[in-house]
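Chain identifiers are assigned alphabetically (A, B, ...) following the order of the sequence lines, protein sequences preceding nucleic acid strands; residue numbering begins at 1 within each chain.
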Amino acid sequence: MSRSADGRVPGAPSEAARPLLLQGQDYLFRSPPKCLDFQEQVHRLGMVDEGDGNPQPCVLVLARAADMEMNELSIALAERGIRMARIDADRCVDLPLSVYTDQPLIELDRWLLRPLLVWRRHFELSAVPVEPGTLAGAYAVDQWASVANWLSSRSDWAHVNPSRFSTHLDRLTQLSDAAAFGLRVPRTAVTTRPGRTRPGGAHCIVKTAGRHLLEPRPGVQHGLFPRPLETSRASDAPEPAPVIVQEYVPSDTELRVFVVGERCIAFQVDKLDPAQLWVDPDAVRVTPTSVPSSLSDRLLALARHWRVQVAAFDLLVTGRDHVFLEVNVNCDWRWFEHRAGDNSVSAAVHDWVALRFKELLGAGRAR
Amino acid sequence: MSLEELAAQLRRGEIEDPALAQYAAEYAQAGQSFRSKKDD
């Protein structure tokens, strides 16, 4: 590809003409569709004792191959003798799958399974490996969209972070709900004119109203991270889509608080720039901490209100006050654990899933 | 073999089956490369 003297591809939009959140964002991650699920491996290899032919109770996960939290969950549940089965968005094309509609059963490959607990996270349709812009590709994605939505909301299965509630938990709804529960939130605007919309003063942060990672082609993820709105940006340059503009709130530090069931597990996160979490993780300091009960009570109340059981809250600490930024239902905890040298969230999640599974198994036997 | 026994072998790094040993190596490598990736 030829480039002009300033390095740009002829005909491509200049950096300044790109959407604000795409400017200078070089974060790109390739997420290969390689199976990393322990239980799938050992079953495919025929290494596990076959059952008695009856449907095997299981935890069903809809994710993607590189969801390392779910890959670790697969091992942790295996250690407890709990079957976990997997449907990955980036490996779902041609998957041997039949779903019973009159019984809560699925046939996945050669196994007859009875999901008791279903967890959908990172099952993004943009990861389905089809050729974008083709009829056959659109067809496969549409079929998987419908079936995945049905699987993750069936009323005869229990769910972690049920989709019927969490799907609509966008960042703006999060902010209004958090404020209603007594948490301070930054003054916020949603606008296609960030150059002239500055809630709370001159210094503002721009962030995506959608996902932090965009996947224009399956397996290729681009970052969209919060960034300061330059004070010099006084023009009326329109954005092609609305973005979130928030007042910049000076803070002492930040918190990431994981809610797992009725527990709160907190980390203090010290960084210089909002995007460092993604683009320069080694510069971010993460340390386990505790939070006052006045805060944890509110976060747990919000989690109950949203009917989510595993979620991550991001907050600023300003003196003795806390400012709610966002909650992530499809949250990553291993990133924080790795930096903090602490695996308490993993342990809590594994224990919570195993306990919930056993409760559901016991309830089924009692019927 | 049971799931529990296989998982215990994996945790102890005592896998003898070549195919599963290959998986274990790939899993360890992926764990390293995905350490810097944050999805949320």
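Atoms CG and CD, from A:L36 and B:E26 in turn, are 7.5 Å apart once rounded to the nearest 0.5 Å. Here the straight-line distance linking atom CE of A:M68 with atom CD of B:Q32 works out to 10.0 Å at 0.5 Å rounding. Note that OG of B:S33 is 14.0 Å distant from CZ of A:R30, once rounded to the nearest 0.5 Å. Note: B:E4 CD to A:R80 CZ = 11.0 Å, rounded to the nearest 0.5 Å.
Other residues, nucleotides and ligands contribute over 12 non-hydrogen atoms within 6.0 Å of the CD atom of B:E14. Summarising the local packing, CD of B:Q29 is surrounded by 12 or fewer heavy atoms from other residues, nucleotides or ligands at distances under 6.0 Å. Counting non-hydrogen atoms of other residues, nucleotides and ligands closer than 6.0 Å to CZ of B:R11 gives a total above 12. Applying the 6.0 Å contact sphere to CG of A:D26 captures no more than 12 heavy atoms from other residues, nucleotides or ligands.
The part of A:F29 that comes within reach of chain B is its side chain, from C-beta onward, which places non-hydrogen atoms under 4.5 angstrom from that chain. Only the backbone of A:I82 comes within less than 4.5 Å of a heavy atom in chain B; its side chain stays farther off. Both the backbone and the side chain of A:N71 come within contact range of chain B, with heavy atoms under 4.5 Å apart. Only the backbone of A:D37 has a heavy atom closer than 4.5 Å to any heavy atom of chain B. Within the 4.5 angstrom heavy-atom criterion, only side-chain atoms of A:L45, from C-beta onward, approach chain B. The part of A:L213 that comes within reach of chain B is its side chain, from C-beta onward, which places non-hydrogen atoms under 4.5 angstrom from that chain. Of the two parts of A:R64, neither the backbone nor the side chain holds a non-hydrogen atom closer than 4.5 Å to a non-hydrogen atom of chain B.
Between chain B and the residues A:R339, A:H212, A:H338, the most heavy-atom pairs under 4.5 angstrom are made by A:H338. The greatest number of non-hydrogen atom pairs below 4.5 Å with chain B, out of A:M47, A:R211, A:Q221, is found for A:M47. If you tally non-hydrogen atom pairs under 4.5 Å between each of A:I75, A:D314, A:N330 and chain B, the highest count goes to A:I75.
With respect to the salt-bridge test (charged N to carboxylate O, under 4.0 angstrom), the residues A:E79 and B:R12 do not qualify.
Counting only heavy atoms from C-beta outward, the side chains of B:K37 and A:D332 never approach each other to under 4.5 Å. Here the side chains of A:E72 and B:Y27 are in contact, with some heavy-atom distance below 4.5 Å. Between B:L3 and A:H43, the closest side-chain pair of non-hydrogen atoms falls below 4.5 Å.
The one candidate from B:D17, B:L6, B:L10 that meets the side-chain contact (heavy atoms from CB on, under 4.5 Å) condition with A:V42 is B:L6.
Side-chain atoms of A:E40 and B:Y23 include no donor-acceptor pair closer than 3.5 Å.
Scanning all heavy atoms of the two residues, the minimum distance from B:F34 to A:P32 falls at CZ-CD, 4.0 Å.
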